[in-house]
Amino acid sequence: MSLDQPKKLRKDAAQNAERIMAAAVRAGLAEGKFVPLAQIAADAGVGVGTLYRRYPNREALLEALAVRAYRLILAEAEDALASGETGLDAIGRYLRQSFVHRDELVLPLHGAPMTEGTESARLRQRMRQTMGAIVKRGHTDGTVRLDVNAGTVVRFGAMLAQPMSNVPDWEAAAAEQRSVFLRGIATQTGSQ
């Protein structure tokens with residue numbers, strides 16, 4: 001099975017899986033809260049047996065959430081790489097688009113476990129490579145400072161996606177922080 005082509009589920013099974021993952025995100029499973037899986041099933045409107053058939057334990061559910069999140073941000077990174085005019089522009093595009101998915105991101109930098117030898121680990125590696133290509137492009141075209149690396153961008157994006165509860169309009173505050181960050185990583189010739 002390809003990383004890009006997950007196993008096709010029956011329509012009802014796919015809908016149940018999506019409802020379960022959405023309920024798990026809402027319940028704060030990724031934040032380390034040990035919400036009972038039975039509660040997640042109830043919130044999703046499915047029986048606990050349906051949840052356990054698809055996700056036999058908490059780790060399996062977290063892995064499914066991480067895979068889903070990596071696919072979302074990887075698609076945004078690949079789009080940014082393809083459509084950005086410069087490396088800096090591609091980073092800005094990635095940060096803006098990945099922020100849109102902030103409530104769906106269950107990743108190691110957002111509280112999910114860091115796994116190895118799993119589909120999420122393979123997607124994480126592809127994400128590193130794609131972000132590395134974006135940053136390298138910025139180095140090559142002279143728009144991104146040489147001391148910036150893929151990890152710099154990914155960590156900032158992860159921090160930006162975590163709203164500060166005492167900031168009333170996080171979306172506007174995050175846009176301001178993103179702008180400051182982009183100016184900070186830009187070379188003098190690449191600054192926007």
Side-chain angles (χ1 to χ4, degrees), residues 1-11 13-26 29-31 54-55 60-141 143-144 148-163 170-171 174-175 177-179 181-182 185:
M1 174 174 33
S2 161
L3 288 178
D4 297 323
Q5 306 246 325
K7 181 181 172 188
K8 196 77 167 159
L9 296 175
R10 290 185 340 258
K11 185 177 178 180
Q15 290 170 338
N16 286 342
E18 187 57 37
R19 283 199 305 269
I20 291 167
M21 287 195 285
V25 170
R26 282 192 310 271
L29 185 58
E31 296 172 19
R54 183 81 183 131
Y55 310 106
L61 180 56
L62 281 170
E63 172 66 9
L65 289 165
V67 165
R68 178 178 181 240
Y70 275 120
R71 284 191 176 132
L72 286 170
I73 65 168
L74 183 58
E76 297 301 351
E78 288 170 346
D79 180 65
L81 179 61
S83 60
E85 293 179 22
T86 65
L88 185 64
D89 181 53
I91 292 169
R93 286 171 186 262
Y94 166 75
L95 291 173
R96 281 188 300 278
Q97 288 307 114
S98 63
F99 183 78
V100 170
H101 299 293
R102 66 191 175 277
D103 294 335
E104 302 170 72
L105 301 180
V106 177
L107 297 165
L109 291 177
H110 294 204
M114 180 78 79
T115 58
E116 296 302 326
T118 59
E119 185 176 2
S120 67
R122 289 185 292 280
L123 290 167
R124 183 173 60 245
Q125 180 58 33
R126 279 185 50 195
M127 182 62 197
R128 274 192 209 116
Q129 291 167 344
T130 304
M131 189 53 65
I134 290 172
V135 171
K136 182 178 180 182
R137 181 174 169 196
H139 293 163
T140 302
D141 67 23
T143 58
V144 176
V148 174
N149 61 45
T152 307
V153 177
V154 170
R155 284 187 301 275
F156 179 75
M159 288 187 289
L160 203 61
Q162 299 298 308
W170 183 244
E171 196 159 330
Q177 293 302 308
R178 186 172 45 248
S179 178
F181 175 78
L182 290 170
I185 67 168

Verify, without hydrogens or angle tests, whether Arg68 (side chain) and Glu63 (backbone) share a donor-acceptor contact under 3.5 angstrom. no
Please name the pair of heavy atoms, one in Thr152 and one in Phe181, separated by the smallest distance, quoted to 0.1 Å. O-CZ, 4.0 Å
So for atom CD, which belongs to Glu171, do other residues, nucleotides or ligands contribute more than 12 heavy atoms lying within a distance under 6.0 Å? no
CD on Gln97 to CG on Leu72, rounded to 0.5 Å: 11.5 Å
Before you tell me yes or no, could you show the steps for Glu116 and Arg124 under salt bridge (charged side-chain N to carboxylate O under 4.0 Å, His left out), namely the whole-Å CA-CA distance, both residues' side-chain angles and the distance that decides it to 0.1 Å? CA-CA 10 Å; Glu116 296 302 326; Arg124 183 173 60 245; 3.1 Å; yes
Would you name the heavy atoms of Ser120 and Val67 that are closest together and state the gap between them? N-CG2, 3.7 Å
Provide the closest heavy-atom pair for Ile134 versus Ala80 in the form atom of the first, atom of the second, distance. CD1-CB, 4.4 Å
Cation-pi check, Arg102 to Phe99: give yes when NZ or CZ is under 6.0 Å from the six-membered ring centre and within 45° of the ring axis, no otherwise. yes
Short side-chain to backbone donor-acceptor contact, Thr143 and Leu88, under 3.5 Å: yes
Arg96 versus Val100: any side-chain heavy-atom pair under 4.5 Å? no
Can you list the steps and then say if Asn149 with Arg155 is a side chain to side chain contact (heavy atoms under 4.5 Å, CB included)? CA-CA 10 Å; Asn149 61 45; Arg155 284 187 301 275; 4.3 Å; yes
Heavy atoms only: give me the nearest Leu160-Trp170 pair and the separation to one decimal. O-NE1, 3.0 Å
Would you check, one step at a time, whether the test salt bridge (charged side-chain N to carboxylate O under 4.0 Å, His left out) holds for Glu76 with Arg93? CA-CA 8 Å; Glu76 297 301 351; Arg93 286 171 186 262; over 6 Å; no
When every non-hydrogen atom of Val144 is compared with those of His139, the smallest separation belongs to O-CD2, 3.4 Å
Donor-acceptor pair, distance only, cut-off 3.5 Å: does the side chain of Ser179 make one with the backbone of Ala175? no
Residues Met131, Tyr94; criterion side chain to side chain contact (heavy atoms under 4.5 Å, CB included); working and verdict: CA-CA 9 Å; Met131 189 53 65; Tyr94 166 75; 3.4 Å; yes
Kindly compute the distance separating CG (Leu74) from CZ (Arg126), expressed to the nearest 0.5 Å. 4.5 Å
How about Thr86 and Asp89: does a side-chain donor come under 3.5 Å of a side-chain acceptor? no
So which heavy atom on Leu123 is nearest to which on Arg71, and how close? CD1-CG, 4.0 Å
Can a side-chain donor-acceptor contact be found between Arg128 and Gln125 if the only test is distance below 3.5 angstrom? yes
From Arg54 CZ over to Asn16 CG, what is the distance, rounded to the nearest 0.5 angstrom? 10.0 Å
Can you measure from CZ (Phe156) to CD1 (Ile185) and round to the nearest 0.5 angstrom? 9.0 Å
